[in-house]
Undergrad: 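Sharing a structure here in structure tokens format.
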Amino acid sequence: MAPHYAVAMARDLTIPSHLLPQDGRFGSGPSRVRDAQLQALMAAQPGVLGTSHRQAPVKDVVGAIREGLAQFYSLPDGYEVILGNGGASSFWDAAAFSLVESRAQHCAFGEFGSKFAAVTASAPFLEPSEIRTAEPGEVAVPEAHEGIDVYAWPHNETSTGAMAPVQRPAGAGDALTVIDGTSAAGGLALDATQADVYYFSPQKSFGSDGGLWFALVSPAAIERIERIAGSGRWIPPTLDLATALENSRQNQTLNTPAVATLVMMNAQIEWLNDNGGMSFATGRTSESARRVYRWADGSPYAETFVTSHSNRSSVVATVDLRHPLDSVEIRSILKANGVVDIDPYRKLGRNQIRVGMFPAVDPDDVSALTGCIDWIVERLVT
Ligand SMILES: *Cc1c(COP(=O)(O)O)cnc(C)c1O
């Protein structure tokens, strides 16, 4: 018999409190902020907040972030941590100016990879970009080609929940690998030697606010940045990575940063490093992922969107819901019960949920979330 879908009941469903997650925030960015990060903000008042970013108190926070990231990633000799204003999206513009010498190859398998590809593809001073695509939920991988000097792809495509390996393409020679680690950084394992530039924003695994970008840069990337800066190419100052490099080495930014964002970012890096660093972070995210995919694979009304097991993201899970379940309905019930932000990426247009599983998310909360969905479904489908 076809299941009967009891839509009329939906608005009144109150999930028993013992089934609810401790914290109902599952967004893919901005994401869950831990209470300890707010306590760090309180502790920064008045010593750091409201003081000059050119003086020691704020510069020390920037320095601690740079050192903390170097520790988290066991950065090889010669690699540096740089930062600037504007977030990952601004970094795409900066990369077009300061990293691509003449031609980039992009792997675009979702919204974010495609956006960066569109930036270099339309830059009038560059050769037309080579763009390798894959269907949403799959990944495209780079392939070394003559004349390419930057290979770019996202480590984790936040719009689809597909993660890709970070490995230099064989035969890439002097070309740089430039990886968008925005939703991956802090939650997925990385061998830093495989990337020349690994950039990200603070509002995903680092549980801070948006508006800044950070990048791990290799000696080859530094050499490229300095060479292009000296080549006579016009580069707007806020997008010039040579300027960012110079300022970062002094624990500063070209223009005023969001100091509170830096304080919260630093608190999260300290928490990660104090608890075991990358293995702690990836232990938590992969446990959350194991739980959500096991639930989806075993459920008659859910289906993991990313079919290849090795590409199923440990930080952003995408799960399709089957007819007659309606993601909009399920999400509105959850939202009324304080469980929020599991909306699918809007342009994907699927009957889907998307679950952010950054390190701040306790795996038990992921289990509670899937339990709440099961509870709702039992009452909707009769
Ligand atoms: C969120 C995200 C971005 C955009 O970050 P902003 O800080 O908003 O510019 C870029 N790439 C990926 C993979 C993301 O998840």
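Atoms within a ligand are numbered from 1 in the order they appear, just like the ligands themselves.
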Undergrad: Of D320, T318, T160, which is the lone residue that meets side-chain hydrogen bond (donor to acceptor under 3.5 Å, both in side chains) with R350?
TA: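 For R350, the side-chain hydrogen bond (donor to acceptor under 3.5 Å, both in side chains) test succeeds with only one of D320, T318, T160, which is D320.
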Undergrad: Applying a heavy-atom distance cut-off of 4.0 Å, which protein residues contact ligand 1?
TA: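 Within 4.0 Å of ligand 1, the protein residues are G87, A88, S89, W92, F112, N156, T158, D180, T182, S183, S201, Q203, K204.
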Undergrad: Which of these, F206, F72, W213, sits in a ring pair (Phe, Tyr, Trp, His ring centres under 6.0 Å) with F200?
TA: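 It is F206, the one option of F206, F72, W213 that forms the ring pair (Phe, Tyr, Trp, His ring centres under 6.0 Å) with F200.
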Undergrad: Side-chain donor-acceptor contacts of residues 132-144 below 3.5 Å, not counting sequence neighbours, with atom names and distances?
TA:
from : atom 1 : to   : atom 2 : distance (Å)
R132 : NE     : V141 : O      : 2.7
R132 : NH2    : V141 : O      : 3.3
E143 : OE2    : H145 : NE2    : 2.9

Undergrad: Can you pull out every ring pair (Phe, Tyr, Trp, His ring centres under 6.0 Å) where at least one residue sits in residues 282-308? Sequence neighbours excluded, please.
TA: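 Counting only pairs at least two positions apart or across chains, no ring pair (Phe, Tyr, Trp, His ring centres under 6.0 Å) contact touches residues 282-308.
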Undergrad: Once ring pair (Phe, Tyr, Trp, His ring centres under 6.0 Å) is applied, what residue pairs with a partner in residues 241-285 remain, sequence neighbours excluded?
TA: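 Residue pairs with at least one partner in residues 241-285: W271-F280.
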Undergrad: I'd like to know whether R291 forms a salt bridge (Lys or Arg N to Asp or Glu O under 4.0 Å) with D364, so could you lay out the CA-CA distance, the side-chain angles of the two residues, the decisive distance to 0.1 Å, and finally the verdict.
TA: CA-CA 9 Å; R291 294 187 190 195; D364 284 346; 2.8 Å; yes
